[in-house]
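Below is one structure, written out as structure tokens; the observations come after it.
Note that ligands are numbered from 1 as they come in the structure, with each ligand's atoms numbered from 1 the same way.
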Amino acid sequence: MYGDTSIQKPMKIAKSGSPEEAELERNFQAKIDADIKIEANDWMPEAYRKTLVRQMSQHAHSEIVGMQPEGTWVTRAPSLRRKVILLAKVQDEGGHGMYIYSGAETLGTSRETMLDDLRTGKAKYSSIFNYPALSWADMGTIGWLVDGAAITNQVALARCSYGPYSRAMVRICKEESFHQRQGYELLITLSKGTQEQKDMLQESVNRLWWPSLMMFGPCDDDSPHSAQSMKWKIKRKSNDTLRQEFVDASVGQAKFLGITLPDPDLKWNEKRGHYDFGEIDWAEFYDVIKGNGPCNRERVNNVIKAHEDGAWVRTAAEAYAEKHAAKEDAA
Ligand code: FAQ
């Protein structure tokens with residue numbers, strides 16, 4: 001459906017800065033204000049297209065790179081049941097990356113270009129995947145907190161103005177919901193286990209809580225893309241609103257597990273009707289997204305290696321296509 005990007009060009013062309021372009025832009029915003037989806041062949045401002053390619057490609061890269069931390073535990077899962085669940089989850093993340101790359105391709109940028117940008121370090125992916133998965137409890141905590149944060153964001157994205165992105169999100173959210181539940185169920189099991197298992201659970205949450213809050217991006221005041229993306233309804237809720245929703249939902253879930261969240265400032269604010277929470281270490285966040293997190297180099301190197309190891313598959317596929325094209329020409 002999305003394979004041939006050559007047919008996905010805008011229908012109307014207007015000179016930049018011309019009255020025709022201003023008219024097209026007014027109609028475009030009116031559609032968005034009326035909650036009508038923008039589709040691949042509709043006219044759209046170049047900046048809207050560029051913002052979507054940036055966000056969607058970063059999102060797809062996050063899904064693909066996000067397979068790595070959990071992937072390292074597949075061979076170490078403690079039972080066949082846990083191994084099957086983990087394998088299914090990691091495969092799902094790969095599938096999510098593919099849907100989102102396909103969605104982004106409808107905007108006229110090829111998958112190869114997007115992946116090149118990932119390999120050369122030009123494109124970002126979610127900061128969270130630059131932290132290592134150090135214990136088996138991390139398999140539960142990633143499901144509970146990382147998939148939990150991803151769903152909080154993605155439920156809002158399922159209502160985004162760009163049709164192919166919003167529709168991909170509907171299916172992805174269903175799968176992420178299973179991911180979140182399997183993680184929480186794993187943690188419930190640990191919470192009922194030995195003291196060693198309970199300690200492993202608490203240690204994992206202590207490590208991953210703050211990086212999970214960073215997934216929502218900088219505070220609204222420091223988020224350069226938010227205002228425009230909200231106007232275009234690419235983003236339906238702000239970074240801080242989503243982060244607050246996530247904190248509010250997590251507190252009760254932590255209590256049920258019998259653990260604490262590593263934030264002395266976390267307390268219910270009657271007036272706001274929300275939990276107050278402590279200041280995020282923004283220096284750490286910016287350091288990680290600049291490429292200096294604990295695993296940035298390892299993650300990108302693995303992506304590069306997978307691409308290089310797959311060279312023979314691409315060569316074989318090209319040879320096969322050429323052979324068939326030659327046969328068709330001869331017929
Ligand atoms: N990490 O102005 P804003 C998952 C960048 S999927 C890295 O606020 P925006 C599933 C941002 O790109 C998780 N960079 O930007 C899973 C921008 O940089 P640029 C991924 C970040 O786009 C689970 C700059 O900072 N989900 O987990 C981060 O309006 C388990 C300024 O920021 C998505 O990608 C960050 N955390 O809002 C898989 C959802 N935050 O491009 C495996 C789609 C910000 O100017 C296992 N994305 N930056 O160089 C979004 O909703 C948005 O892009 C935000 C950022 C909210 C992430």
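Under the 3.5 Å distance criterion, the side-chain polar atoms of Asp117 are left unmatched by any main-chain donor or acceptor of Ala123. In terms of modelled atom types and a separation under 3.5 Å, the side chain of Gln202 and the main chain of Thr260 share a donor-acceptor contact. The backbone N or O of Tyr275 lies less than 3.5 Å from a partner atom in the side chain of Asp248, making a donor-acceptor pair. Side-chain N or O atoms of Asn296 include one that pairs as donor or acceptor with a backbone N or O of Val288 at under 3.5 Å. Side chain of Ser204 to main chain of Met200: no donor-acceptor pair is present (N/O by atom type, distance under 3.5 Å, no hydrogens or angles). Distance alone, capped at 3.5 Å, is enough to place a donor-acceptor pair between the Asn239 side chain and the Pro218 backbone.
A heavy-atom separation below 4.0 Å is found between Tyr165 and ligand 1. Distances from ligand 1 to the non-hydrogen atoms of Lys89 include at least one value under 4.0 Å. Remark: distances from the non-hydrogen atoms of Ser229 to ligand 1 are all 4.0 Å or more. Ligand 1 has Glu176 within reach: a non-hydrogen atom of the residue lies less than 4.0 Å from it. Taking 4.0 Å as the cut-off, Asp222 does not count as a neighbour of ligand 1 on heavy-atom distance.
Within ligand 1, the atoms closer than 4.0 Å to a non-hydrogen atom of Tyr125 are 1 (N), 7 (C), numbered from 1 in the order shown. Annotation for ligand 1: atoms under 4.0 Å from non-hydrogen atoms of Val146 are 23 (C), 30 (C). Within ligand 1, counting atoms from 1 as listed, the ones closer than 4.0 Å to a heavy atom of Gly217 are 40 (N), 44 (C). Set against the non-hydrogen atoms of Gly66, the atoms of ligand 1 under 4.0 Å away are 42 (C), 46 (C). Within the listing of ligand 1, atoms 4 (C), 10 (C), 27 (O) sit less than 4.0 angstrom from a heavy atom of Ala150. Within the listing of ligand 1, atoms 1 (N), 7 (C), 35 (C), 36 (N) sit less than 4.0 angstrom from a heavy atom of Ser127.
Ranking protein heavy atoms by distance to atom 6 (S) of ligand 1, first place goes to Glu63 OE2, 3.8 Å. Ranking protein heavy atoms by distance to atom 42 (C) of ligand 1, first place goes to Glu93 CD, 3.4 Å. Of the protein's non-hydrogen atoms, the one nearest atom 51 (O) of ligand 1 is Asn153 ND2, 3.1 Å. Residue, atom and distance of the protein heavy atom nearest to atom 23 (C) of ligand 1 are Asp147 OD1, 3.4 Å. Atom 3 (P) of ligand 1 has its closest protein heavy atom at Ser223 OG, 3.3 Å. Closest to atom 25 (O) of ligand 1, if we only count protein heavy atoms, is Ile289 CD1, 3.9 Å. Nearest protein neighbour of atom 31 (C) of ligand 1, counting heavy atoms only, is Pro224 CD, 3.7 Å. Closest to atom 5 (C) of ligand 1, if we only count protein heavy atoms, is Lys124 CD, 4.0 Å.
Residue-level proximity to ligand 1 for Val288 is absent, since no heavy atom of it falls below 4.0 angstrom. With a 4.0 Å heavy-atom cut-off, ligand 1 is reached by the backbone of His225 and by its side chain too. Here His59 has heavy atoms under 4.0 Å from ligand 1 in both its backbone and its side chain. Contact annotation: for Leu242 versus ligand 1, there are no heavy atoms closer than 4.0 Å. Only the side chain of Asn239 comes within 4.0 Å of ligand 1, counting heavy atoms alone; its backbone N, CA, C and O stay farther away.
One option in Phe285, Phe129, Tyr286, Phe216 has a heavy atom closer to atom 27 (O) of ligand 1 than any other, and that option is Phe129. Among Lys235, Met215, Lys237, the residue whose heavy atom lies closest to atom 55 (C) of ligand 1 is Lys235. Among Gln55, His96, Gln58, the residue whose heavy atom lies nearest to atom 47 (N) of ligand 1 is Gln55. Comparing Met56, Arg54, Glu70 by heavy-atom distance to atom 46 (C) of ligand 1, the nearest is Glu70.
Under the 4.0 Å criterion applied to side-chain N and carboxylate O atoms, Lys233 and Asp35 are assigned as salt-bridge partners.
Between Ser250 and Leu145, the shortest heavy-atom distance links the atoms OG-CD2, 4.4 Å. Nearest heavy-atom pair, Met214 versus Phe285, reported as atom, atom and distance to 0.1 Å: O-CE1, 3.6 Å. Between Thr75 and Lys83, the closest heavy-atom pair is CA-NZ, 4.1 Å.
With contacts defined as side-chain heavy-atom distances shorter than 4.5 Å, the pair Tyr165/Ile100 qualifies.
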Problem set entry | Step-by-step salt bridge (charged side-chain N to carboxylate O under 4.0 Å, His left out) determination, Glu39 to Lys31 | CA-CA 11 Å; Glu39 299 297 340; Lys31 254 169 116 175; over 6 Å; no

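Each of His179, His59, His61 was scored for a ring-ring contact (aromatic ring centres under 6.0 Å, His included) with His96, with one residue passing: His179. Among Glu176, Glu175, Gln182, Glu70, the single residue meeting the side chain to side chain donor-acceptor pair (under 3.5 Å) criterion with Lys89 is Glu70.
By the ring-ring contact (aromatic ring centres under 6.0 Å, His included) test, Tyr125 is found to be paired with no residue, residues two or more places apart in sequence or in another chain being considered. Trp73 is linked by a ring-ring contact (aromatic ring centres under 6.0 Å, His included) to nothing, counting only residues two or more places apart in sequence or in another chain.
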